[in-house]
Amino acid sequence: MEQPRIAVTRSSLPPFEEYLAEIADIWDSRWLTNFGTKHNQLIEELKPILGDAGIALFTNGHNALEAALAALGLDDGEAITTPFTFASTTHAISRAGMTPVFCDVDPATCCIDVSKVESLITERTKAIVPVHVYGMMCDVEAIDAIARKHGLKVVYDAAHAFGVRKEGVPAGLFGDASMFSFHATKVFHSIEGGCVVYQDESLAERIREQQNFGMDFAGEVNVIAGNAKMNEFAAAMGLCNLRHLDDAISSRRAATERYRERLGGAEGIKLLEPQPDVEGNYAYFPAFFDPAVFEGGRDGIVEKLGTENILARKYFYPLTCDFPCYSDLPRAEVPIARKMADEVLALPLFEGLTAEMVDRICNCILK
Ligand SMILES: *Cc1c(COP(=O)(O)O)cnc(C)c1O
């Protein structure tokens with residue numbers, strides 16, 4: 001008999017009644033979007049987690065990232081970034097009018113290799129756009145030092161880093177701005193949604209313009225921009241999910257620990273080691289499969305898991321620099337990122353993934 005399917009992810013949801021209660025007063029106010037009560041409340045409730053800084057909410061993380069770049073005036077020149085990421089990071093840079101310049105990654109974290117950044121800086125370089133991959137944190141101090149030395153802006157793709165802290169400091173408080181995604185598949189979600197966390201209060205109005213057709217706080221249209229406001233129903237989902245965030249993270253943590261017990265030390269499998277000064281969020285469980293040990297390599301494992309109705313995701317493969325739409329850029333010299341993309345598999349991880357399910361997955365891999 002076929003075993004029940006284990007998907008790679010499954011969205012967390014609050015109890016149905018809780019969401020109904022949360023949206024009930026929207027029927028009284030009839031205020032459905034445009035910076036409403038739920039939207040404003042969500043900002044306040046995010047501050048203890050994301051940091052006491054400017055927070056602007058968006059329709060989704062991608063729009064938030066584009067808005068951060070636009071608000072910082074980044075619309076030409078080059079941005080140094082990494083290709084071991086979701087399409088969004090590279091597309092946001094390109095759609096802003098900048099050329100992505102790909103830096104290799106550090107194999108210990110999958111984040112930008114800071115020792116290789118300076119050699120990529122040219123007189124056209126305007127920004128560094130690093131990614132906190134899987135909720136691992138970039139070397140923020142080194143990036144900050146390089147940016148200050150060369151007068152560059154830093155915008156983090158922190159889509160994976162909700163709730164992550166380094167020495168107690170929330171991830172969003174580094175760089176000029178950070179983007180978080182509240183997509184349904186993320187550790188915390190508002191169905192679709194996202195935010196920009198920014199340090200300089202004078203950016204507030206520039207970011208507002210990007211949320212709302214270029215309108216400033218006085219309603220005057222100064223710049224050309226689209227529409228990316230978070231609506232009240234999305235904010236209400238965010239408010240509900242925040243109340244259950246600790247449970248969601250504990251459940252992910254327990255599953256992660258089980259994976260580590262089962263797969264840690266297994267021949268041919270490399271896991272990322274937790275960073276000692278970082279409080280993580282257990283967003284993903286990537287494992288890297290050595291093709292010299294596993295026949296067929298990572299793709300062989302995907303197939304094997306598939307036969308037992310277990311879905312894993314090649315996250316991230318291919319590298320964004322290898323997408324056909326970037327074929328006119330010079331070939332990126334990123335050997336470590338290429339190797340990691342060839343070997344990586346994000347194993348199923350979500351709130352409610354039980355020890356029994358983790359065992360079923362690990363038994364299949366180790367068989
Ligand atoms: C999810 C994600 C995004 C985009 O966020 P959306 O909210 O889906 O628009 C960007 N970058 C990374 C690394 C992501 O994982």
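Counting starts at 1 for both ligands and their atoms, in listed order. Side-chain atoms are counted along with the backbone in the values below, which use heavy atoms only and exclude waters and symmetry mates.
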**Q** If we only count heavy atoms from C-beta on, is the Cys321 to Thr90 side-chain gap below 4.5 Å?
**A**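 Sidechains of Thr90 and Cys321: no contact.
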**Q** Ring pair (Phe, Tyr, Trp, His ring centres under 6.0 Å) with Phe188: which residues, sequence neighbours excluded?
**A** Phe162, Phe182
**Q** Supply the atom-to-atom distance Phe288 CZ to Arg298 CZ, rounded to the nearest 0.5 angstrom.
**A** 10.0 Å
**Q** Could you check whether any side-chain heavy atom of Leu272 comes within less than 4.5 Å of a side-chain heavy atom of Thr109, counting everything from C-beta outward?
**A**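 They are not in side-chain contact.
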**Q** Counting C-beta onward and ignoring hydrogens, is there a side-chain heavy-atom pair between His132 and Met137 closer than 4.5 Å?
**A** yes
**Q** Taking any residue with a non-hydrogen atom under 4.0 angstrom from an atom of ligand 1, which ones do you get?
**A**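 Within 4.0 Å of ligand 1, protein side: Asn60, Gly61, His62, Thr85, Phe86, Ser88, Asp157, Ala159, His160, Met179, Ser181, His183, Lys186, Gly193, Tyr315.
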**Q** For a 4.5 angstrom cut-off between non-hydrogen side-chain atoms, does Val105 reach Val334?
**A** no
